[in-house]
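Step one of this worksheet: look at the structure below.
A note on names: the letters A, B, ... follow the listed sequences, proteins ahead of strands, and every chain is numbered from 1.
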Amino acid sequence: MDVLLNDDENLIVDSAREFLTGECSTKLVREMEADALGYSRELWAKVAELGWQGMCMPEKVGGSDMPLVYLGLVLREAGRALAPIPLHSTAVATLAVARDGTAAQQEKYLPDVVAGKSVWTWAFTERDPRFVPEAVQMSATARGDNYALDGVKLFVDNFPQADYCVVVARTTAGSKGAQGLSLFIVDAKSKGISQKPLITLAKDKQSEVTFQDVLVPKANIIGAAGEGWPIVERMLDRGTALLCAQMVGAARKDIEMAIEYAKFRTAFGQPIGSFQSVQHTCADMQMWVDGGELLTFEALWKIDQGLPASVEVSQAKAFCNEKCEAAVRNSQSIHGGIGFMMEFDLQLWFRRVSAWTMRMGTSFEHRARIAHALIDIPGEVTLGRPLPAAA
Amino acid sequence: MDVLLNDDENLIVDSAREFLTGECSTKLVREMEADALGYSRELWAKVAELGWQGMCMPEKVGGSDMPLVYLGLVLREAGRALAPIPLHSTAVATLAVARDGTAAQQEKYLPDVVAGKSVWTWAFTERDPRFVPEAVQMSATARGDNYALDGVKLFVDNFPQADYCVVVARTTAGSKGAQGLSLFIVDAKSKGISQKPLITLAKDKQSEVTFQDVLVPKANIIGAAGEGWPIVERMLDRGTALLCAQMVGAARKDIEMAIEYAKFRTAFGQPIGSFQSVQHTCADMQMWVDGGELLTFEALWKIDQGLPASVEVSQAKAFCNEKCEAAVRNSQSIHGGIGFMMEFDLQLWFRRVSAWTMRMGTSFEHRARIAHALIDIPGEVTLGRPLPAAA
Amino acid sequence: MDFAYSAEQEALRREVRQFIKENVTPELADEANPESDVERPRGQGPMAAALYKKIYDRGWLGITYPKEYGGQGGDRLTQYIVEEEFTRAGINITLGGSGAPAIMAAGTEEQKQYYIPRLIKREVSFCLGFTEPHAGADLANLRCSAVRDGDDYVINGQKMYTSAAHMSTHIYLMARTDRNAPKHEGISIFLFPMDTPGITVRPLWTIQNNPTAPVGTTYGNSRTNETFFDDVRIHKSCLLGEENKGWRVGSMGLNLDRVGASRYLISVRRDEDIVNWVKNNRFDGYSPAENPAIRDKIAEMWIEAQVCRLMTMRSMSIVERGGKFTYEGSAEKVWAPEHGVRVTEAITQMLGPYTTLLRTSAHAIEDGVFAHNVMGSFQSGINHGSVQVMRDQVARRGLELPSSRRPKKVEAK
Amino acid sequence: MDFAYSAEQEALRREVRQFIKENVTPELADEANPESDVERPRGQGPMAAALYKKIYDRGWLGITYPKEYGGQGGDRLTQYIVEEEFTRAGINITLGGSGAPAIMAAGTEEQKQYYIPRLIKREVSFCLGFTEPHAGADLANLRCSAVRDGDDYVINGQKMYTSAAHMSTHIYLMARTDRNAPKHEGISIFLFPMDTPGITVRPLWTIQNNPTAPVGTTYGNSRTNETFFDDVRIHKSCLLGEENKGWRVGSMGLNLDRVGASRYLISVRRDEDIVNWVKNNRFDGYSPAENPAIRDKIAEMWIEAQVCRLMTMRSMSIVERGGKFTYEGSAEKVWAPEHGVRVTEAITQMLGPYTTLLRTSAHAIEDGVFAHNVMGSFQSGINHGSVQVMRDQVARRGLELPSSRRPKKVEAK
């Protein structure tokens with residue numbers, strides 16, 4: 001038991017931070033907000049050289065086979081720098097392939113991922129925004145060696161720049177809930193796919209993606225047809241925990257800016273940071289981000305250990321949703337008017353952290369999941385001990 | 001529209017406060033905590049002379065037929081002074097008789113109430129603590145001119161000292177929910193009734209009351225047999241709003257003590273009330289009690305006007321439950337150790353306000369009631385306008 | 001105690017609603033709203049001008065101002081009712097900030113006769129020149145100077161966040177007239193046209209600038225400005241009140257600006273929106289309105305909104321009786337803005353990713369109003385007296401808690 | 001990063017649990033608990049004495065103290081694990097506050113050899129004589145005096161909230177030895193027996209006094225004391241550390257008392273209680289566990305409890321690495337006590353009137369633990385450094401925000 005970073009982990013953090021400090025200015029972040037594809041191809045290539053895309057990929061495809069915690073630390077730094085690269089969506093999608101795909105799929109797709117030559121994303125949500133199996137209506141109808149996908153996905157991250165998209169659909173017509181779901185590796189440029197941009201306050205790339213009779217080879221199913229839900233759950237848990245890592249990284253930088261601002265901005269003859277109300281607000285902000293960070297990395301660590309981690313993931317996300325938002329909103333307030341100005345950098349963090357709090361599960365959803373594990377499974381609960389049965 | 005007190009209302013408040021300042025010391029409050037019946041018979045007789053018990057009783061029984069708002073103001077003052085008299089339980093029970101009882105019932109029972117010669121209470125709750133009709137299981141079986149009552153009531157206020165108790169029971173065997181309920185005026189000394197004290201943190205008188213084949217004349221039903229639920233609802237709404245009035249009165253006095261304490265208690269060379277964190281806490285306490293008071297008197301005022309007021313009552317109670325508790329707990333914190341000592345008076349208010357926040361409906365119950373009115377009844381809602389249809 | 005409006009007041013409200021129903025088309029509300037097009041002068045599109053003429057003819061502009069100055073000699077409650085209905089419809093019928101009340105309180109007869117009728121008819125509009133780069137919460141720290149030179153004053157300096165400066169006819173400016181006097185005692189107020197030579201207005205874009213926010217989203221505007229004064233020469237008659245006595249005049253105006261219909265509504269209208277949305281909409285198989293945890297949160301927010309409403313009613317009651325606030329206005333200015341943030345953030349978790357979508361996006365809910373509010377709702381806790389300063393005032397004025405050993409408390413913007 | 005205990009540590013935990021299962025009967029836990037009978041000397045009933053002997057024999061008392069002083073030379077994490085399990089069972093295995101660490105840090109060899117083994121064997125116990133009527137949060141304001149007279153000191157004054165003074169063998173006292181020195185520089189620490197002539201202990205009853213609270217309810221005790229010193233003469237060897245250097249010694253001890261198993265558990269065990277209760281109980285036809293709004297609140301509280309746990313783990317990790325806190329201990333001491341209050345108040349609204357019922361009442365839930373907690377949970381935010389002072393420390397030490405223009409910040413109780 002030692003929840004602090006060890007030497008290897010510190011090395012990862014230091015080198016990522018040093019790299020991004022040099023390579024990822026807010027000027028670049030702003031440019032990429034206006035960019036058609038929304039990401040820096042140059043930066044994407046450079047981080048591939050650093051091995052970020054391959055960090056948790058198997059060695060046989062050129063990856064480093066490192067723990068997810070390491071990728072979490074890198075995403076924390078990417079969040080801190082608001083690095084305009086599609087690392088999160090690529091990681092979510094390709095980790096599903098790496099963990100649950102066939103050897104053939106891995107050999108076919110992952111070397112390019114590791115080399116930084118492809119961008120990936122994933123598509124789960126449709127009209128119902130919840131991360132429950134009932135929310136998936138998209139149909140995948142067997143037709144010869146293919147499935148034909150029909151339906152509309154919403155809030156697909158980085159779709160315009162993606163080469164491949166892992167899509168969740170119903171392979172069993174008329175199936176309900178967790179039954180009959182499958183994951184497909186879909187070429188994002190397939191015939192029958194069209195996308196419409198969604199305009200978000202984060203100014204990032206989110207899409208509505210329509211699938212009309214899109215043919216996908218049967219070989220592209222991840223796992224067994226119709227039995228995809230456990231794979232989806234693992235994909236979402238990993239993705240949610242990694243999103244939290246990105247969020248606490250961004251929120252940390254954001255509150256650091258407010259704390260620094262409070263030290264030099266004066267009012268009534270003294271730094272505003274000397275007023276007890278501002279001090280206590282800053283103390284709260286620090287503790288909120290600390291709390292989110294501890295919860296997040298416990299979740300990632302448990303996934304690495306192969307332990308049940310759904311409750312931990314939901315703890316992290318529900319907490320980050322509320323407390324990271326509170327933290328960055330208080331940063332805005334401490335800055336007063338200037339924080340509200342486009343030309344001042346703080347808003348770059350505020351808008352992204354806010355958007356991330358609304359994605360990959362609301363606080364209500366995640367708390368319902370926790371309550372289920374705590375209450376509905378018989379046995380006595382004790383804090384710090386595993387729950388009575390896997391949630 | 002003028003939400004401030006008018007001259008008549010101020011007169012009520014001033015005279016009640018002056019009276020209680022003279023007649024109700026904390027010494028008396030403490031003595032009555034140890035008293036077998038828990039209330040001052042002398043004080044009860046004196047407030048009868050002032051007309052408190054008869055304030056909202058009809059003129060024909062000797063009452064003053066004043067609005068409920070006036071009684072609310074008196075209960076606010078009684079709460080402020082922690083007056084050890086069974087005024088709330090008596091008002092809840094006898095107002096049901098005065099509003100929904102027969103002329104004969106009113107003539108028989110109410111003159112003694114107005115004269116301060118009888119103490120009343122009411123009994124609704126059984127094992128299920130919610131204020132919903134399903135919670136009532138007690139049976140009332142017709143037998144000749146009587147009903148026989150069987151069952152156990154919990155959390156009956158002031159039962160040992162009560163002469164009469166308004167009891168809610170099921171007159172229709174096998175009925176469910178709001179159907180088949182009736183209210184009975186029961187002589188508290190009837191054969192078959194036994195009571196067991198419940199020991200509460202407020203050190204007041206709450207009882208478990210067991211009814212075994214207790215015979216009550218059919219003439220003692222309030223309203224039509226089996227159709228009592230609307231009468232019960234009105235009784236509970238009045239009682240809840242009056243409890244809120246008592247609670248905001250007590251909470252107001254409690255926070256005034258903390259604010260005064262903060263002015264003279266020094267630490268680090270200055271009054272603790274000069275620290276911004278203490279100032280802001282005090283400001284919050286003031287605003288919380290103000291909010292509770294405004295919500296409470298709007299609810300009472302609407303009842304007086306014959307307008308639908310259930311939502312307003314629930315607003316007041318849910319808010320007071322959380323904010324009055326927060327206010328008095330912060331008073332304790334501002335006082336530090338001394339507030340935790342029995343010999344210091346502050347705790348007298350803290351314990352009672354806390355207990356009241358747990359009675360007559362939890363925040364969850366009241367908010368569910370509000371949500372039902374807001375969401376389940378079609379039509380557009382607008383703040384400050386009546387809801388689409390009566391809740 | 002009386003929690004209802006009179007029959008007369010209710011009749012007025014119905015009349016205003018009927019007027020709005022008949023006259024305020026979506027296109028017009030959009031045109032009239034200064035946030036709908038950042039470059040178009042405020043409320044001066046042709047449809048809006050015609051509408052304001054109609055509203056003026058009904059006697060609903062400048063209600064509380066004396067008839068001799070073009071007002072109606074009416075009471076604040078009447079004004080409140082009218083303002084509430086128009087604000088909800090996205091139409092701003094106020095005289096635009098604290099200039100007019102300050103003129104009524106401190107102006108010369110000539111100033112009153114010139115400005116008040118024109119403000120009411122919307123021929124004149126003020127932007128507020130108070131804040132500076134180093135004078136925000138600590139407004140009295142301002143540096144912009146006005147130096148007497150014969151019959152003129154010469155103004156030099158910079159003002160920040162001069163919202164609407166690019167579309168106002170005049171400025172209501174606070175400047176330093178005595179460098180040697182104590183902080184609060186060398187300040188004066190001036191009124192003068194924005195086309196006076198030497199004034200430069202530069203846009204500052206806010207985080208709500210692209211795309212612009214829907215009507216009445218938040219206090220945040222999509223554009224504000226910084227305004228520079230370079231040897232701006234104005235006649236001494238532009239002085240409002242006495243020289244070096246401007247601090248009190250300015251504060252008084254700000255105090256009045258902390259209460260009222262639009263500030264109340266900005267903080268609570270999302271409560272109405274979310275209830276009305278969930279009760280009429282669903283996401284395919286999922287209805288947030290059926291989730292009891294969400295219902296619980298909606299009710300909690302609704303109760304808070306009622307407290308905001310009742311605090312506003314309390315302020316109106318005090319004003320109607322001719323009384324003065326000790327802390328009640330400040331309390332309202334803590335409670336409502338903080339509630340506005342709480343309800344905004346609660347909604348993000350009720351609607352999830354839909355709350356990220358802005359006005360022009362496919363699938364945006366209610367024209368993206370909730371998303372825009374996420375970006376702007378906290379502004380209401382900063383503008384016109386931060387919630388920190390307001391809490392200080394509740395504690396010190398309302399509860400008479402002692403000042404700490406810090407520089408003397410001041411009235412701050 | 002490693003969020004799990006080692007196999008060895010897990011084995012130890014199982015061993016402790018097994019020991020508790022075999023040895024801690026309800027009667028014994030009750031006897032051993034100082035709150036169960038306000039008049040019985042702390043943990044000195046015959047059953048408790050036998051139990052502590054057994055625990056001592058297992059090597060679970062004084063784990064972190066060097067073997068030469070009767071301890072085990074173990075690490076803090078081992079101690080944490082053992083302490084957590086015993087605390088949950090209602091058995092206090094700490095050495096009772098900050099006396100022992102202070103002696104280890106500042107005591108003479110003679111003092112260490114005398115006190116430490118006896119504290120570990122529970123032959124000696126300290127009460128804490130720090131707070132005075134006018135020295136609470138501002139502890140350095142204390143007035144109790146110790147005047148040197150030959151080889152002795154003579155003590156005069158009054159101490160407040162000397163909990164357990166009536167059943168302790170010794171006192172760990174902070175007194176002023178130099179009236180003329182600056183506030184923090186004239187203070188010294190003394191250790192001496194409570195049966196020294198001139199000491200009077202008077203009970204102060206707390207709001208939890210009747211009936212007494214169940215095991216481990218809150219930090220609030222049913223009895224505390226005020227203790228008077230009237231020409232109490234003690235030998236100069238009772239001085240701990242140097243004369244006039246007592247402030248640092250005292251503060252160090254308090255800092256250590258802000259983290260650890262019992263402070264963590266006191267704030268989070270109600271989370272376990274409420275979950276375990278609702279999942280196994282119902283009120284006739286109504287099950288709070290089936291109410292999604294209540295479930296949502298339970299989950300919210302559970303997450304907060306996990307944050308408390310992880311902050312404790314973080315502190316332990318820092319200590320294990322031999323590091324020092326900048327703000328982490330203070331953060332823990334804000335977060336956990338405030339969470340303790342939040343969960344307590346949330347439970348009042350889950351169980352309604354049942355939460356008003358005290359231990360001896362019919363229908364009391366879980367021995368009335370929730371009701372007792374209502375009365376006492378806020379105490380944890382006041383004791384040993386209020387949450388206000390702790391937030392000041394997070395801001396100033398952790399974030400290096402500047403002090404305001406107030407008297408110098410001090411380490412406060």
Is the side chain of [X] donor-acceptor paired with the backbone N or O of [Y] at a distance under 3.5 Å, no angle test?
X	Y	value
Asp2(D)	Val3(A)	no
Glu9(A)	Met1(D)	yes
Lys279(D)	Pro378(A)	no

Seminar exercise, completed: Between Gln315(A) and Gln306(D), the two heavy atoms sitting closest are OE1-NE2, 2.9 Å
Problem set entry | Contact summary for Ile303(D) and Ala318(A), nearest pair of heavy atoms | CD1-CB, 3.6 Å
Straight-line distance of [X] [atom1] to [Y] [atom2], nearest 0.5 Å:
X	Y	atom1	atom2	result
Gln286(A)	Glu328(D)	CD	CD	8.5 Å
Arg367(A)	Met301(D)	CZ	CE	9.0 Å
Ile375(A)	Ser287(D)	CD1	OG	8.5 Å
Leu399(D)	Lys263(A)	CG	NZ	7.0 Å

Exercise. By a 4.5 Å heavy-atom criterion (distance strictly below it), what part of Val69(A) contacts chain D: side chain, backbone, both, or neither?
Worked result: side chain
For this session: Let me know if Leu73(A) has heavy atoms under 4.5 Å from chain D in its side chain, its backbone, both or neither.
Result: side chain
For this session: For atom CD of Glu8(D), decide whether the heavy atoms of other residues, nucleotides or ligands shown that lie under 6.0 angstrom number more than 12.
Result: no
Exercise. Quick one: of Ala4(D), Cys308(D), Ala395(D), who has the most non-hydrogen atom pairs under 4.5 Å with chain A?
Worked result: Ala4(D)
For this session: Output the option from Val394(D), Val307(D), Asp296(D) having the highest count of non-hydrogen pairs under 4.5 Å with chain A.
Result: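 Winner by heavy-atom pair count: Asp296(D).
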Exercise. Are any of the side-chain nitrogens in Arg295(D) or Asp376(A) under 4.0 Å away from the carboxylate oxygens of its partner?
Worked result: yes
Exercise. Is any residue of residues 240-260 of chain A within less than 4.5 Å of chain D by heavy atoms, and which ones?
Worked result: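 The list, in residue order, reads Ile259(A).
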Exercise. Any residues in residues 293-306 of chain A near chain D, with a heavy-atom distance under 4.5 Å, and which are they?
Worked result: Leu294(A), Leu295(A), Phe297(A), Glu298(A), Trp301(A)
Min side-chain heavy-atom separation [X]-[Y] under 4.5 Å:
X	Y	answer
Trp302(D)	Leu383(A)	yes
Leu4(A)	Arg321(D)	yes
Glu320(D)	Met1(A)	no
His280(A)	Asp392(D)	yes
Leu401(D)	Ser274(A)	no

For this session: Begin from the C-alpha positions of Gln279(A) and Arg391(D) and carry the test side chain to side chain donor-acceptor pair (under 3.5 Å) through to its verdict.
Result: CA-CA 8 Å; Gln279(A) 293 191 341; Arg391(D) 273 200 177 80; over 6 Å; no
For this session: Could you walk me through whether Met287(A) and Met311(D) pass side chain to side chain contact (heavy atoms under 4.5 Å, CB included), step by step?
Result: CA-CA 9 Å; Met287(A) 294 187 281; Met311(D) 282 190 175; 4.1 Å; yes
With a 4.5 angstrom heavy-atom cut-off, which part of [X] approaches chain A: side chain, backbone, both or neither?
X	answer
Ile294(D)	neither
Glu290(D)	neither
Leu77(D)	side chain
Val334(D)	side chain

For this session: Apply salt bridge (Lys or Arg N to Asp or Glu O under 4.0 Å) to Arg385(A) and Glu10(D), showing your working.
Result: CA-CA 11 Å; Arg385(A) 316 300 303 155; Glu10(D) 289 290 1; 2.9 Å; yes
Seminar exercise, completed: Looking only at Leu307(A), Leu5(A), Asp8(A), Thr281(A), most heavy-atom pairs under 4.5 Å shared with chain D are made by Leu5(A)
Exercise. Between Val278(A), Asn6(A), Asp290(A), which residue shows the highest count of heavy-atom pairs closer than 4.5 Å to chain D?
Worked result: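 Answer, by heavy-atom pair count under 4.5 Å with chain D: Asp290(A).
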